[in-house]
Protein chains: 2
Amino acid sequence: MADVAGQLAGISLFSGLLPAQYEALSRIGVKRSFLKGERIFSEGDEGTGFYVVCGGRVKIFKISTEGKEQILHLCGPGESFGEVSVFTGQGFPADAVAALPSTVLFFPRVAFSSLIRQDPALALNMMAQLSERLRQFAGLIEDLSLKEVPGRLAKYLLYLGGREGNGTVDLDVSKGQLAALLGTIPETLSRILAKLNRRGLIRSRGAQIRILDRRGLEEIALEGKRLP
Amino acid sequence: MADVAGQLAGISLFSGLLPAQYEALSRIGVKRSFLKGERIFSEGDEGTGFYVVCGGRVKIFKISTEGKEQILHLCGPGESFGEVSVFTGQGFPADAVAALPSTVLFFPRVAFSSLIRQDPALALNMMAQLSERLRQFAGLIEDLSLKEVPGRLAKYLLYLGGREGNGTVDLDVSKGQLAALLGTIPETLSRILAKLNRRGLIRSRGAQIRILDRRGLEEIALEGKRLP
DNA sequence: ACATCCCTTTGACTGATGTCAAAGTCCTTT
DNA sequence: AAAGGACTTTGACATCAGTCAAAGGGATGT
């Protein structure tokens with residue numbers, strides 16, 4: 001269990017807690033592993049607890065009746081998911097699948113919620129986490145309704161490019177998945193990438209994309225319109 | 001101030017608290033009034049606290065560079081908004097305007113957050129509130145990306161119709177605002193309403209809409225597609 | 001090396017929705 | 001009652017993006 005406690009330190013949800021509290025958390029946290037593509041929970045499943053990603057990547061998404069998927073979030077190490085059902089008492093509001101081979105920590109609802117009751121710091125961290133997610137969702141809603149696909153793609157590329165420093169972006173998901181993240185389909189994504197290539201804004205080869213004209217991309221991301 | 005304390009009882013965010021806690025809340029809550037159309041805060045403004053609606057209606061929305069607006073939420077009495085900035089410490093993530101003449105309670109960030117630190121029950125309520133909002137946003141994201149406008153409209157009409165019991169819906173916002181809520185524009189909304197009328201699914205006159213064929217609407221809401 | 005499978009790309013087409021413009025309707029104000 | 005203005009509706013049009021279908025490319029395992 002000391003193993004678990006060690007991992008907790010790097011998780012923002014648990015930052016600033018005392019050693020005794022890590023101890024308490026590690027007692028209730030259960031480690032689980034999932035193969036790539038394995039389902040962690042489905043929309044509507046009873047929410048018996050929430051998860052924190054230790055390694056790998058977990059995809060949180062919604063599926064339409066026709067089968068199209070919209071990715072709500074891709075959770076990497078240190079990020080949590082499924083917290084909503086801890087507090088609303090309803091089922092999970094979306095599906096979760098391991099996008100890569102992943103290990104996660106599961107915290108049962110009842111045990112965790114009694115922990116929160118005793119520890120204001122943990123509660124505040126949790127609220128910050130929920131708030132941050134809420135902010136991200138507000139941004140996603142804005143993008144989906146106010147920007148067209150090229151704008152959303154440009155914004156996402158800039159986001160990825162910003163983290164790397166240099167202008168090269170490595171997609172850590174397939175292009176089909178990237179399309180689902182942007183709220184579109186692979187064909188449309190492919191066409192738009194081709195257009196951006198033709199204009200010299202980017203150079204894409206496979207899962208590698210180099211940003212050639214950051215300013216041009218920013219323009220598209222802001223206006224969110226028209227690639228004539 | 002006893003006036004304020006009385007109002008707190010009806011707010012889900014504060015349900016189940018002890019009288020002493022209502023007392024504490026009423027000490028830090030400040031009542032503010034806004035005229036119809038008056039701005040409460042703008043996106044990016046420093047988040048100095050959050051609000052609870054006492055009376056009226058507050059519109060939370062995002063604006064694109066071209067001026068189109070997407071409504072994130074219409075807050076009625078008892079609902080809170082602006083909580084996100086209390087915990088993230090960043091600016092407000094959206095704009096807020098009074099859609100009707102409104103009175104709200106303002107809770108300053110610092111005072112409220114120290115209150116939370118002392119009171120686990122308040123913290124849990126707050127988390128439930130944030131979680132519920134998160135769930136709603138997930139639904140909105142799903143609708144925006146997986147359904148077309150007729151599907152979103154049908155779903156919203158059924159939602160409104162469900163509350164009233166009988167099949168008559170009274171829009172409490174203009175059709176232009178309804179369009180913004182559905183992520184579209186007045187012209188498109190108008191056309192779709194006309195289509196639904198022609199097919200006998202609804203009968204709309206001004207701001208009154210009667211649902212004639214609930215099952216038909218449900219079909220459109222689920223499939224979210226095609227009005228041939 | 002080969003075959004197979006899956007992902008990606010391209011093309012032709014359709015349909016839904018935003019844009020622009022103008023006419024119509026309703027409500028408020030004078 | 002009349003006038004003004006805002007909201008709503010309708011029409012013509014442009015365009016973006018989804019659908020369907022097929023070809024191309026790359027990786028994996030035999």
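Any value given below was found using the heavy atoms of this structure, including those in side chains, with hydrogens, waters and symmetry copies removed. Proteins come first, then strands; the chains are lettered A, B, ... in the order of their sequence lines, and each starts at number 1.
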> Between the axis at one end of the helix from C:dA1-D:dT30 to C:dT30-D:dA1 and the axis at the other (five pairs apiece), what's the angle to 10 degrees?
Replying inline: 40°

> Quick one: which of C:dG18, C:dT10, D:dT10 gets closest to the side chain of B:Ala194?
Replying inline: D:dT10

> Looking at D:dA21, D:dT9, D:dA17, which one has an atom nearest to any side-chain atom of A:Pro150?
Replying inline: D:dA17

> Side chain of B:Thr188: nearest nucleotide among D:dT8, C:dT17, D:dG18?
Replying inline: C:dT17

> Taking CG from B:Leu144 and P from C:dG18, how many angstroms apart are they, rounded to a whole number?
Replying inline: 11 Å

>> Considering only residues two or more places apart or on different chains, which pairs with a residue in residues 177-187 of chain A satisfy side-chain hydrogen bond (donor to acceptor under 3.5 Å, both in side chains)?
In response: A:Lys59-A:Gln177, A:Glu69-A:Gln177

> When you measure from the side chain of B:Ile192, which nucleotide among C:dT8, C:dG18, C:dT17 comes out closest?
Replying inline: C:dT17

> After noting the C-alpha distance and the side-chain angles of B:Asp95 and B:Arg39, does the key distance pass the salt bridge (Lys or Arg N to Asp or Glu O under 4.0 Å) rule?
Replying inline: CA-CA 8 Å; B:Asp95 298 85; B:Arg39 184 169 295 264; 2.7 Å; yes

> Got a donor-acceptor contact below 3.5 angstrom from the A:Asp45 side chain to the A:Phe41 backbone?
Replying inline: no

> Rounded to the Å, how far apart are B:Lys68 NZ and C:dC20 C1'?
Replying inline: 16 Å

>> What is the separation between atom CG on B:Leu193 and atom P on D:dT9, rounded to the nearest whole Å?
In response: 7 Å

>> From CZ of A:Arg191 over to C1' of D:dA21, roughly how many Å is that when rounded to an integer?
In response: 12 Å

>> Looking at B:Glu46, I'd like to know if its CD atom is crowded, meaning that more than 12 non-hydrogen atoms belonging to other residues, nucleotides or ligands lie closer than 6.0 Å.
In response: no

> Quick one: which of C:dT10, D:dA17, C:dA21 gets closest to the side chain of B:Glu187?
Replying inline: C:dA21

>> B:Lys155: which residues meet the salt bridge (charged side-chain N to carboxylate O under 4.0 Å, His left out) condition with it, sequence neighbours left out?
In response: B:Asp143

> How many Å lie between NZ on A:Lys36 and C1' on C:dC7, as a whole number?
Replying inline: 11 Å

> Counting side-chain heavy atoms from C-beta on, which of C:dT9, D:dT19, C:dT19 comes nearest to A:Ile185?
Replying inline: D:dT19

> How many Å lie between CD on B:Glu148 and C1' on C:dG18, as a whole number?
Replying inline: 14 Å

